[in-house]
Amino acid sequence: MQQSLNIYNTLSRSKEEFKAINPPFVGMYVCGPTVYSDVHLGNCRTFISFDIIYRYLSHLGYKVRYVRNITDAGHLESDADEGEDKISKKAKLAQVEPMEIVQKYTVGFRQVMEVFNALPPSIEPTATGHIIEQIEMTRKMLENGFAYEVNGSIYFDVEKYNKEKNYGALSGRNIEDLLNNTRELGGQDEKRGQLDFALWIKAKPEHLMQWPSPWGMGFPGWHLECSAMSNKYLGAQFDIHGGGMDLIPTHHTNEIAQNIAFCGKHPANYWIHTNMLTVNGQKMSKSLGNSFLPHELFTGDHPLLDKGYGPMVVRFFMLQAHYRSTLDFSNEALDASEKGFKRMMAAYDVLKQLTPSDSSTSDINVLKERCYNAMNDDFNTPVAIAELFEGVRIINSVKAGTESITETDLITLTDLFQHFLFDIFGLLTEEHATNNVGKVIDLLIDIRNSAKANKDYSTSDAIRNKLLEIGYQLKDSKEGTSWTTV
RNA sequence: GGUCGGAUGGCCGAGUGGCUAGGCUGAGGUCUGCAAAACCUCCUACAGCGGUUCGAAUCCGCUUCCGACCUCCA
């Protein structure tokens, strides 16, 4: 068995054995959403991926402090540091308080996460709740000579930073290439260098969101809140920092620069980045207009969808691809996952009813080992699921009587399925019918059995077909008739 | 244009220098009054062209195509 957990680290571009700084404690920071609009499915994929990582680390016995921020200020319309704060802009359009926008989309985000059965993080701090920390950090960066003030705004001096440190360490780019390829953004001449970014932005009087600072009224730049909050809750150096891949070149690169400029320490040992969800091969994004909202997916109310899919089917679909691969979104792929998910869950129900024998025809311990090996290899959920499907085959074969399993192995297998399906993958069984419905169906099964005994097949078929129409499927077997919801 | 990453069977998706996942679909079979489910078997793929090697889909080079980032984006 592969004992150790290996994680692909963006910093080294290779898999590394995971070693916690202070075991059994693990600090993990994940960049959360900017709450100016609904989260779409691509956003969800990232948070579901980190939910799995959080769950697996916890399952292994780590005490994880999982910090995921809510960015509710500072995220500008463009990186020219000229535009308006995204939330401020939305608030003006809707003629509401910025905090109403923030509240609406924060609540919406949490609801969606709950529907996907993603565990809430240990701490969910907000940018507006940490203005003081951000001002303090900015002050320190000025003091350390990595930032400069222009007309009440503070900018980070990237070229100066890069003389002492490696600005492109995370993205793998060198600064000359970046300088040569930076597009002319225009309208921005306060900054000394093209790559410089704002730490603190002077607010115009009409700005809705602004706070007092040593440099006058203003608001913090995007990137800064994550540096400030990770530092506050996880310390200057912690174990894991994550987010979507699209954050690597700018947001995370700048975060690292800020933390180093602030205290000289690289914030995180392992940088984990999740890949994009695509639609017809293209990244799902708000600006491309190809994004799906979770409720559109659940109801099927979207031009690209033939039908709706349950949140657990979507979760299972996402787990069938590795988090570092792009995943393409289509009806066909969702259909396949839906069937696979139902088969998996049906097998779990069967598993609970199996009767043990004196010997096992399959090596359950090897199966278990394979499942853990898969997860230990950079959280390889698709391989782990493939192994579990081998378990499904065993379960169904034992039920059919073509294979057998000992009591010890049965316990191992049951634990394995429970741990993986529910604790680690975070799946939920679809709500089974209430007891009363179950009793009524059992009664109908009895009546149908009498009819069958009398060879009154028109009655027995009618019962089966009508039940199927309203969503309950009967399955005859040697042990009797069972039923499932469709 | 620059940087980086991909191209896997009908579809989705793992993986990897020799033992060639898995799900879905399709075909056949077993079971069954018939269905459904389940189980068994089959359809055996790695973009193209070279090279390294006893052996490559896996390593190297070139070509074609696709994507991401360089503008806000998980």
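Within every chain, numbering begins at 1; the chains are lettered A, B, ... in the order of the sequence lines, protein sequences first and strands thereafter. Just so it is clear, the structure is predicted and the values come from calculations on it, not from any experiment.
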- Item | Assigned partner base of B/rC42, Watson-Crick or wobble definition, under 3.5 Å | B/rG26
- Starting at CZ of A/Phe341, measure out to OG1 of A/Thr429 and round the result to the nearest 0.5 Å. 8.0 Å
- Task: For A/Ser337, answer base if it contacts any base atom (sugar-phosphate contacts may also be present), sugar-phosphate if it contacts only those atoms, and nothing otherwise; contact means non-hydrogen atoms under 4.0 Å.
- Result: nothing
- Query: Roughly how many Å is it from CG in A/Leu467 to C1' in B/rA35, rounded to a whole number?
  - Reply: 14 Å
- Mind checking A/Ala333 for me? I need base, sugar-phosphate or nothing, with any heavy atom below 4.0 Å counting as a touch. sugar-phosphate
- Message: What's A/Asp335 touching, base or sugar-phosphate or nothing? Going by heavy atoms closer than 4.0 Å.
- Response: nothing
- Is the base of B/rA35 touched by the side chain of A/Arg464 through a donor-acceptor pair closer than 3.5 angstrom? yes
- Task: Determine the interatomic distance between C1' on B/rA47 and the same-named atom on B/rU71; round to the nearest Å.
- Result: 32 Å
- Interatomic distance at P, B/rA74 relative to B/rU53, whole Å: 50 Å
- Measure from the side-chain heavy atoms of A/Gln473 and tell me the nearest of B/rA36, B/rA14, B/rC24. B/rA36
- Message: Taking the minimum atom-to-atom distance to the side chain of A/His40, which one of B/rA21, B/rA36, B/rA74 wins?
- Response: B/rA74
- Task: Remember a base hit wins even if backbone is also touched, and classify A/Met284 as base, sugar-phosphate or nothing at under 4.0 Å, heavy atoms.
- Result: base
- Message: So A/Arg173, base contact, sugar-phosphate only, or nothing? Heavy-atom distance under 4.0 Å.
- Response: base
- Task: Let me know the distance between NE2 of A/His251 and P of B/rC70, rounded to the nearest Å.
- Result: 13 Å
- Note on the structure: Separation of B/rG5 atom P from A/Ile248 atom CD1, nearest Å, is 11 Å
- Query: side-chain contact (heavy atoms from CB on, under 4.5 Å) with A/Phe329: which of A/Asn280, A/Leu305, A/Thr278, A/Asn290?
  - Reply: A/Leu305
- Could you check if a side-chain atom of A/Arg192 sits within less than 4.5 angstrom of a side-chain atom of A/Asp196, using non-hydrogen atoms only? yes
- Query: Can you find an N or O donor on one side and an acceptor on the other, under 3.5 Å apart, linking the side chain of A/Asp246 with the base of B/rC70?
  - Reply: no
- Query: Hey, does A/Lys475 reach any base, or is it just sugar-phosphate, or nothing, if we go heavy atoms under 4.0 Å?
  - Reply: base
- Task: Please determine, for B/rG1, whether a Watson-Crick or G-U wobble partner exists with both distances under 3.5 Å, and give it or none.
- Result: B/rC70
- Query: With a 4.0 Å cut-off on heavy atoms, is A/Thr274 in touch with a base, just the backbone sugar-phosphate, or nothing at all?
  - Reply: nothing
- Item | Distance under 6.0 Å and angle within 45° of ring axis: A/Lys368 vs A/Phe420 | no
- Message: Please name the nucleotide paired to B/rC65 by Watson-Crick or G-U wobble geometry with both distances under 3.5 Å, or report none.
- Response: B/rG6
- Task: Any chance you could measure A/Glu159, atom CD, to A/Leu179, atom CG, to the nearest 0.5 Å?
- Result: 5.0 Å
